[in-house]
Amino acid sequence: MLLFDDYWKKIFESIRAVYPEVNEGDIALDRSGHCDLTFRAFQVMKKRALSPDAVYSQVKEVLGNEDFMEKIESVGGYVNFTLKPSKLMEAIWKEMEGTSRYPDIFQDPERVSVEHTSTNPTGPIHIGRIRNSIIGDSLARLIDRYGYRVTTQYFINDSGKQVASLYAGYRKFVNSDNPTVYDLLEGYKKANEEMEAGTDMNSDVEQILRDYEKGEPETIEGIKKACTVVLDSINASLSRLGIHIDDYTWESDLIRAGDVDRIMEDLEEDLEEEEGARYIMSNGRKMFLTRKDGTSLYFLRDIAYHLYKFQNFDWLIDVLGENHKEHAGHIEYVTKDLLSQEHRLDFVFYSYVSLESGKMSTRKGQIVTLDELYERAVEESLNVVKVKRPELPEEKLNEIAQSVAVSAIRFHILKLNANKPMVFKWSEALNLEGDSAPFVMYSYARASSIMRKLEGQSHSIGADYNKEEGALIRQLYLYPFVLTESLKGLKPENIANYLLELTRKFNDFYTNCPVINAPQEERERRVLIINAYRTIIKDAANIVGMKILEEM
RNA sequence: GGGCCCGUGGCCUAGUCUGGAUAAGGCACCGUCCUUCUAAGUCGGUGAUCGUGGGUUCGAAUCCCACCGGGCCCGCCA
């Protein structure tokens, strides 16, 4: 069995034997729909003053007899290679037959940490933060698909000003021993209003911070209690999207366990001081680690956290908002250059989500919560499925609506390139047609429906594929390359876009290639194609966190 | 002021890393197809100075420079 890589290599080497000057980039996967692989002969033609026909016949001479080659064509300055779909199908099927996976070659025992979400526990999670969660969770799934041992991580800020004001607001404005997340959010908003107005709320908050770092039990209990209420709400919301986080690290634990102090000792030589506050120089900037009263700053606690991760993992990935770019650079400098950590460290940044009315702000209460989005998405899906499938029992309808809602939300947020700013619009988020999760899911359900009707049907690789079959097979075949590119660039959005492309190819196939009533030979090879398609859709959909349905 | 990111039909995007063929989709709008496997689908149509101006190249949405517009950062906040 040969993979595209091998076919590419074979073609590259054969052509290079004739024209030693060709570059690797001159032989490429075609993206314009003309063929599978193409040789761009412009340089060779120019250098050797050859006509396209002359190049074509020389290439044909060395590659024309390969058994994997369907045809070689000359178009302008291109020499186009089309491979036999049966060879591609054979490669897919050989891999899939025993394992139900394509590709089945990945395995890596390294331990990987994916830190995502890590939002301050000051209110319910909103649709801006979930961009982080969705990217992070999908990345973790992608890396897990490669066979790495993945752990997802959440760093809980329970020792900064934000949570101190959450607690201050709770103490002053919330009259409940069992507050809800919304009670706490109200108190937090009021506390922030007062701080902006310049009341003595400011000194209250500072006092809380000092008490906390000193280990004053009542303050510690109070803050933890407030944070836990918020964190429970965040986790409950995330779990509706199928997002589960494995490990939680509280900032305060790193302070009390002495991690933070040990780092100050390790950095001794690099520390400088200004009015009692300590800092290090990083990239020409003073990066403060402690305040003049000796309490730790986020930068120091985050260094401690990364050190903890470096000790337990071979590869660290942090998913961070774009506002953390500078911060990340400093973390990298300190841990790698000053503290000599050698494991791999990568950052994935994403741009912010805003509303049409402007920025979101938990502090000001200007947010769309994940819960609200989820509930509206379920409602919308339910309305649609009730019309489409009135015969289904209510329980089934609800199940479909929930799967569609989760998938649609995740897909909508994920498919956009992470460093593009996103303006959230209800009409787009709740659109269940076009380039959306239900578009993908629906095609899958139709494929499954065919298979149910052909239970026990035999299949075969066959030959003489038509245009739509060939295009679909090629797209299936490309899956491992998409996975590899996606991992290499840490871009799970590639998988979402691949799913759309694959679905379009399947829909072409579906409308043009009857299966159930086809003659035996056609039917058998189409059964095989559908099997492969369903396997890959399930695999890819799982990576982006979609819930695929057999029927909808 | 300095740094990073984004700019592709009316709206939302893919393609940019690694330059290559008539710039690929979706939404909206107009029209088509349910007595063939689920119409959340299909097919056709309208609609693009790829932010602007230079440069490199046989060839630029893609690389380089400048500028414009939007976002983010430049705290003893996180």
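Letters A, B, ... are given to chains in the order of the sequence lines, protein chains preceding strands, and every chain is numbered from 1.
Evaluation of H327(A) against the base of A78(B) yields no stacking contact (centre distance < 5.5 Å, interplanar angle < 30° required). The aromatic ring of Y510(A) does not sit over the base of G41(B); the criterion of centres under 5.5 Å apart with planes under 30° is not met.
Distance R278(A) CZ to C76(B) P: 16 Å, rounded to the nearest Å. The interatomic distance linking E206(A) (CD) with G75(B) (C1') rounds to 14 Å, in whole Å. When the P atom of G26(B) is taken as reference, atom CG of L432(A) falls 16 Å away, rounded to whole Å. Rounded to an integer number of Å, the gap from CD of E272(A) to C1' of C76(B) is 15 Å. To the nearest angstrom, P of U36(B) lies 19 Å from CD of E522(A). Remark: P of A40(B) and CG of D435(A) are 17 Å apart, rounded to the nearest angstrom. Atom pair K488(A):NZ and U16(B):P shows a separation of 11 Å (rounding to whole Å applied). Between the C1' atom of C12(B) and the CH2 atom of W426(A) lies a distance of 17 Å, rounded to the nearest Å.
Of the P atoms belonging to A66(B) and A28(B), the separation is 42 Å, rounded to the nearest Å. Nucleotides G41(B) and G26(B), compared at atom P, are 10 Å apart to the nearest Å. Taking atom C1' in both C73(B) and C50(B), the straight-line distance is 28 Å, to the nearest Å. Comparing the same atom, C1', in A78(B) and in C72(B) gives a spacing of 15 Å after rounding to whole Å. Nucleotides A48(B) and C34(B) are separated by 32 Å at their P atoms, to the nearest Å. Between U52(B) and A60(B), the distance separating the two P atoms is 15 Å to the nearest Å. C17(B) and C6(B) are spaced 12 Å apart, taking the P atom of each and rounding to whole Å. Straight-line distance between the P atoms of U22(B) and C64(B): roughly 25 Å, to the nearest whole Å.
For N494(A), counting side-chain heavy atoms from C-beta on, the closest listed nucleotide (G20(B), C37(B), G15(B)) is G15(B). For V385(A), counting side-chain heavy atoms from C-beta on, the closest listed nucleotide (U42(B), C37(B), A40(B)) is A40(B). For V404(A), counting side-chain heavy atoms from C-beta on, the closest listed nucleotide (G41(B), A21(B), A40(B)) is A40(B). Distances were taken from every side-chain heavy atom of R31(A) (C-beta onward) to each of A78(B), U16(B), U42(B); the shortest belongs to U16(B). Listed nucleotides: C76(B), A78(B), A40(B). Nearest to the side chain of I400(A): A40(B). Taking the side chain of Y78(A) as heavy atoms from C-beta on, and the options A78(B), A39(B), A21(B), the nearest nucleotide is A21(B). Set against G20(B), A78(B), A14(B), the side chain of N497(A) has A14(B) as its closest nucleotide. The side chain of N507(A) sits closest to U42(B) out of G75(B), A40(B), U42(B). Nearest to the side-chain atoms of P514(A) among the listed nucleotides U36(B), A40(B), C76(B) stands U36(B). In the set G15(B), C77(B), U42(B), the nucleotide with an atom closest to the side chain of Q162(A) is C77(B).
In this structure a side-chain-to-backbone donor-acceptor pair under 3.5 Å is present from R301(A) to S296(A). Looking at S449(A), its side chain never comes within 3.5 Å of a backbone N or O of A445(A) through a donor-acceptor pair. The main-chain N or O of D508(A) is found under 3.5 Å from a side-chain atom of N512(A) such that the two form a donor-acceptor pair. Without hydrogens or angle criteria, R452(A) side chain to E550(A) main chain gives a donor-acceptor distance under 3.5 Å. Under the 3.5 Å distance criterion, the side-chain polar atoms of N192(A) are matched with a main-chain donor or acceptor of Y188(A).
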Which letter, B, S or -, goes with each nucleotide of nucleotides 2-11 of chain B from 5' to 3', with contact meaning a protein heavy atom under 4.0 Å?
--SSSS---S
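Put simply, the side chain of T38(A) and the base of A21(B) share a donor and an acceptor less than 3.5 Å apart. Judged by atom type and distance alone, D30(A) reaches the base of A21(B) through a side-chain donor-acceptor pair under 3.5 Å.
Comment: D293(A) does not engage K214(A) in a salt bridge, judged by the lack of any side-chain N to carboxylate O separation of less than 4.0 angstrom. Under 4.0 Å is where a charged nitrogen must lie from a carboxylate oxygen, and between K505(A) and E501(A) at least one such pair does.
Using a 4.0 Å heavy-atom cutoff across all strands shown, E501(A) reaches no nucleic acid atom at all. Residue K292(A) is classed as a base contact, given a heavy-atom separation below 4.0 Å to a base. Across all strands shown, I450(A) has heavy atoms under 4.0 Å from base atoms, whether or not it also approaches the sugar-phosphate. The residue G76(A) sits apart from the nucleic acid: no heavy atom pair falls under 4.0 Å. Among the heavy atoms of the strands, none lies under 4.0 Å from E24(A). Using a 4.0 Å heavy-atom distance criterion, E251(A) is classed as a sugar-phosphate-only contact. Looking at heavy-atom distances under 4.0 Å, Y279(A) makes no contact with the nucleic acid at all. In this structure, N80(A) reaches the bases: a heavy-atom distance under 4.0 Å links it to at least one base atom across the strands shown. Across all strands shown, M45(A) has no heavy atoms under 4.0 Å from either base or sugar-phosphate atoms.
Relative orientation of the Y350(A) and Y352(A) rings is perpendicular, given thresholds of 30° and 60° on the angle between their planes.
Close to C77(B), at under 4.0 Å from its OP1 or OP2, lies no side-chain N or O of R363(A). For R291(A) and C77(B), the shortest distance from a side-chain N or O to OP1 or OP2 is below 4.0 Å. Checking the phosphate oxygens (OP1, OP2) of G41(B), no side-chain nitrogen or oxygen of R446(A) falls inside 4.0 Å.
Each of K46(A) and F439(A) was matched to the nucleotide of RNA chain B holding its nearest heavy atom; the match closer to the 5' end belongs to F439(A). Each of R40(A) and M287(A) was matched to the nucleotide of RNA chain B holding its nearest heavy atom; the match closer to the 5' end belongs to R40(A).
With 3.5 Å as the limit, one finds no donor-acceptor pair spanning the side chains of S159(A) and S252(A). Residues T335(A) and H306(A) have side chains that never bring a donor and an acceptor to within less than 3.5 angstrom of each other.
With a 3.5 Å ceiling on both atom-pair distances, the Watson-Crick or G-U wobble partner of G69(B) is C6(B). Applying the Watson-Crick and G-U wobble criteria (two distances, each under 3.5 Å), A60(B) pairs with nothing in any strand.
A ring-centre distance under 6.0 Å is not found for F81(A) and F39(A).
Relative to the ring axis of Y510(A), R446(A) places its NZ or CZ within 45° and under 6.0 Å from the centre.
Applying the 90° cutoff around 0 to the glycosidic angle, C64(B) is assigned anti.
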